Asks: 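Would you mind keeping the following structure in view while I ask a few things?
Computed from a predicted structure; not experimentally measured.
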Amino acid sequence: MSLSRSALFVPATRVDRIPKALQSGADCVIVDLEDAVEVNAKDSARADLEEFAKANPEARFLVRVNDAKAPWFDADIAMCGRLGNVTGVMLPKAESSRQIELAARAGKPVYPIVESAAGIANLAELCRTPGVARVSFGALDLALDLNMDDDSEGARALLDHVRCQISIQSRAAGILPPLDGVFPDIANTQGLAKSVAFAKGMGYAGVLCIHPSQIAVIHEVFEPTEEEKAWATRVLEMANETGLAAFKLDGKMVDMPVIEKAKQILRIRPVAN
């Protein structure tokens, strides 16, 4: 079973958009109770979401709750626990295993978002906490927390360093490969494709997105090219024909790691979170 490549946010204040999001082609949908909801609308947005969920029992989605320090957190978690529609809890500003344990009271997999210096400092602990399914990266909030100069060389270097650490720690903990953060410039499809390709190169297997128009671009980048598929097919055919664990193909050495990579490229990809 493979991973969700695209995870589309929908504000909980607009539950009328959830059906459209579920039909958008995104691999999974995240209904947002945090950044997309104003302070004075938190309770009403949660109530609207619960009403929608009960009226549409077939709908499946993740919920981004408010962070563990927020006054709405406990009510958010309680709601997620009540609703069979909720397949996972996305925990923003995750900074400790205790916060993840509190989120896990919903009885659903937890998807921490690393977006603060404290979260980075405790990254290994976060990834190894029972209940964690997959880690996401929140570059925009992290840049704010660290007082970075937007789009500066220094900011890009630090963010890329954090991306590397998330990929490494996820793998070391044996959890699913991470989701990269949102690309905020919706109209810049070339920039999005470049950003997704960069994250893919680091071992990320999906991206958070904020508009349906981003989904096709994300999927295209994560889909192996025809050249990659053809190469992988030749590698596996040669491995089957020779029965060898190491051989030459097109003048290059092929051994078990290369064969496993070929299998990854040709793997059937059913959608999962």
Asks: First locate atom SG of C127, then atom CD1 of I175, and finally report the distance between them rounded to the nearest 0.5 Å.
Replies: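 Rounded to the nearest 0.5 Å, the SG-CD1 separation comes to 4.0 Å.
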Asks: Step through the shown structure and confirm whether more than 12 heavy atoms of other residues, nucleotides or ligands are within 6.0 Å of CG on N240.
Replies: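 Counting neighbours around CG of N240, more than 12 heavy atoms of other residues, nucleotides or ligands fall under 6.0 Å, so yes.
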Asks: Do V114 and L126 have side chains that approach each other closer than 4.5 Å (heavy atoms only, starting at C-beta)?
Replies: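 V114 vs L126: side chains touch.
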Asks: Report the residues that fulfil side chain to side chain donor-acceptor pair (under 3.5 Å) with R17, sequence neighbours left out, ordered by chain and then residue number.
Replies: none
Asks: Are any non-hydrogen side-chain atoms of L62 and Y111 less than 4.5 angstrom apart?
Replies: yes
Asks: State, with a plain yes or no, whether a side-chain heavy atom of V254 is found less than 4.5 Å away from one of K248.
Replies: no
Asks: With sequence neighbours left out, what residues match D48 under side chain to side chain donor-acceptor pair (under 3.5 Å)?
Replies: none
Asks: Taking only residues two or more places apart in sequence, or in another chain, which ones meet R171 in a salt bridge (Lys or Arg N to Asp or Glu O under 4.0 Å)?
Replies: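 Testing R171 for salt bridge (Lys or Arg N to Asp or Glu O under 4.0 Å), a comparison that skips the adjacent residues, returns none.
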Asks: Are V37 and F52 connected, step by step, through hydrophobic side chains (Ile, Leu, Val, Met, Phe, Trp, Tyr) whose heavy atoms are closer than 4.5 Å?
Replies: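 Different clusters.
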Asks: Starting at CD of E115, measure out to CG of D35 and round the result to the nearest 0.5 Å.
Replies: 7.0 Å
Asks: Do the side chains of V235 and M256 join up, straight or via other hydrophobic residues, at under 4.5 Å, putting them in one cluster?
Replies: yes
Asks: Which distance, rounded to the nearest 0.5 Å, do you find between the NE2 of H211 and the CD of Q214?
Replies: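 Between H211 NE2 and Q214 CD, I get 8.0 Å after rounding to 0.5 Å.
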Asks: Assess the residue pair K263 and E260 against the criterion (salt bridge (Lys or Arg N to Asp or Glu O under 4.0 Å)); give the C-alpha distance rounded to whole Å, side-chain angles, the decisive distance to 0.1 Å, and a yes or no.
Replies: CA-CA 5 Å; K263 291 179 181 179; E260 289 301 315; 3.4 Å; yes
Asks: At their closest point, which heavy atom of L249 faces which heavy atom of M238, and how far apart are they?
Replies: CD1-CE, 4.0 Å
Asks: Should E50 and K54 count as an ion pair when the cut-off is N to O under 4.0 Å?
Replies: yes
Asks: If you take all heavy atoms of I210 and F183, which pair is closest and at what distance?
Replies: CD1-O, 4.2 Å
Asks: Give a yes or no answer on whether the side chain of S152 reaches the backbone of D149 with a donor-acceptor pair at less than 3.5 Å.
Replies: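 Confirmed, S152 side chain pairs with D149 backbone.
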Asks: Under 3.5 Å, side chain of D180 to main-chain N/O of F137, donor-acceptor pair present?
Replies: no
Asks: Using atom types as modelled and distance alone, determine if a side-chain donor or acceptor of K42 lies under 3.5 Å from a backbone N or O of W72.
Replies: no
Asks: At their closest point, which heavy atom of L208 faces which heavy atom of I30, and how far apart are they?
Replies: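 Closest pair (atom of L208, atom of I30, distance): CD2-CD1, 3.8 Å.
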Asks: Quick one: are R82 and M79 in side-chain contact, heavy atoms under 4.5 Å?
Replies: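 Yes, side chains in contact.
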Asks: Measuring from atom CZ of R60 to atom CD1 of I18, what distance do you get when rounded to the nearest 0.5 angstrom?
Replies: 13.0 Å
Asks: For residues 89-105, run the donor-acceptor check on the side chains, cut-off 3.5 Å, and write out each pair with its distance to 0.1 Å, sequence neighbours left out.
Replies:
{"from": "K93", "atom 1": "NZ", "to": "E34", "atom 2": "OE2", "distance (Å)": "2.8"}
{"from": "E95", "atom 1": "OE1", "to": "K69", "atom 2": "NZ", "distance (Å)": "3.3"}
{"from": "E95", "atom 1": "OE2", "to": "S116", "atom 2": "OG", "distance (Å)": "2.8"}
{"from": "S96", "atom 1": "OG", "to": "Q99", "atom 2": "N", "distance (Å)": "3.2"}
{"from": "S97", "atom 1": "OG", "to": "E125", "atom 2": "OE2", "distance (Å)": "2.9"}
{"from": "Q99", "atom 1": "OE1", "to": "E95", "atom 2": "N", "distance (Å)": "2.8"}
{"from": "R105", "atom 1": "NE", "to": "L102", "atom 2": "O", "distance (Å)": "3.0"}
{"from": "R105", "atom 1": "NH2", "to": "D74", "atom 2": "OD1", "distance (Å)": "3.0"}

Asks: Locate the shortest heavy-atom distance separating D145 from A117; write the atom from each residue and the value.
Replies: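 Closest heavy-atom pair between D145 and A117: OD2-N, 2.8 Å.
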Asks: What are the two closest non-hydrogen atoms of V207 and G181, and how far apart are they?
Replies: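 Nearest pair, atom of V207 first, then G181: CG1-O, 3.6 Å.
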Asks: Verify the neighbour count for atom CD of E228: are there more than 12 heavy atoms of other residues, nucleotides or ligands below 6.0 Å?
Replies: yes
Asks: With the side chain counted from C-beta on, respond yes when D27 and F222 share a heavy-atom pair under 4.5 Å apart, and no when they do not.
Replies: no
Asks: Any side-chain heavy-atom pair from V132 and R134 closer than 4.5 angstrom?
Replies: no
Asks: Extract all donor-acceptor atom pairs below 3.5 Å that involve side chains of residues 190-205 and protein atoms in other chains or at least two apart in sequence.
Replies:
{"from": "K200", "atom 1": "NZ", "to": "V221", "atom 2": "O", "distance (Å)": "3.2"}
{"from": "Y204", "atom 1": "OH", "to": "R163", "atom 2": "O", "distance (Å)": "2.9"}

Asks: Given E51 and R46, is the salt bridge (Lys or Arg N to Asp or Glu O under 4.0 Å) satisfied, shown in steps?
Replies: CA-CA 9 Å; E51 182 179 350; R46 187 189 317 108; over 6 Å; no
Asks: Just verifying a value: how many Å separate L176 CG and L179 CG, rounded to the nearest 0.5 Å?
Replies: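 If I round to the nearest 0.5 Å, the distance is 9.0 Å.
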Asks: Quick one, V63 and L49 - any side-chain contact, counting heavy atoms below 4.5 Å?
Replies: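 Of all side-chain heavy-atom pairs linking L49 with V63, at least one is under 4.5 Å.
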Asks: Keeping the roles fixed (side chain from N85, backbone from A53), state whether a donor-acceptor pair exists under 3.5 Å.
Replies: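 Checked: pair present.
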Asks: Under 4.0 Å between a side-chain nitrogen and a carboxylate oxygen: does that hold for R234 and E237?
Replies: no
Asks: Just how far is it from atom CZ of R64 to atom CG of D67, taken to the nearest 0.5 Å?
Replies: 10.5 Å
Asks: With a 3.5 Å cut-off and sequence neighbours excluded, list the donor-acceptor pairs that the side chains of residues 9-16 form with protein atoms.
Replies:
{"from": "R14", "atom 1": "NE", "to": "D16", "atom 2": "OD1", "distance (Å)": "2.9"}
{"from": "R14", "atom 1": "NH2", "to": "D16", "atom 2": "OD2", "distance (Å)": "2.8"}

Asks: Do L146 and L142 make a side-chain contact, defined as non-hydrogen atoms from C-beta onward lying under 4.5 Å apart?
Replies: yes
Asks: Can you give me the closest heavy-atom contact between I166 and P178, atom names plus distance?
Replies: CG2-CB, 3.7 Å
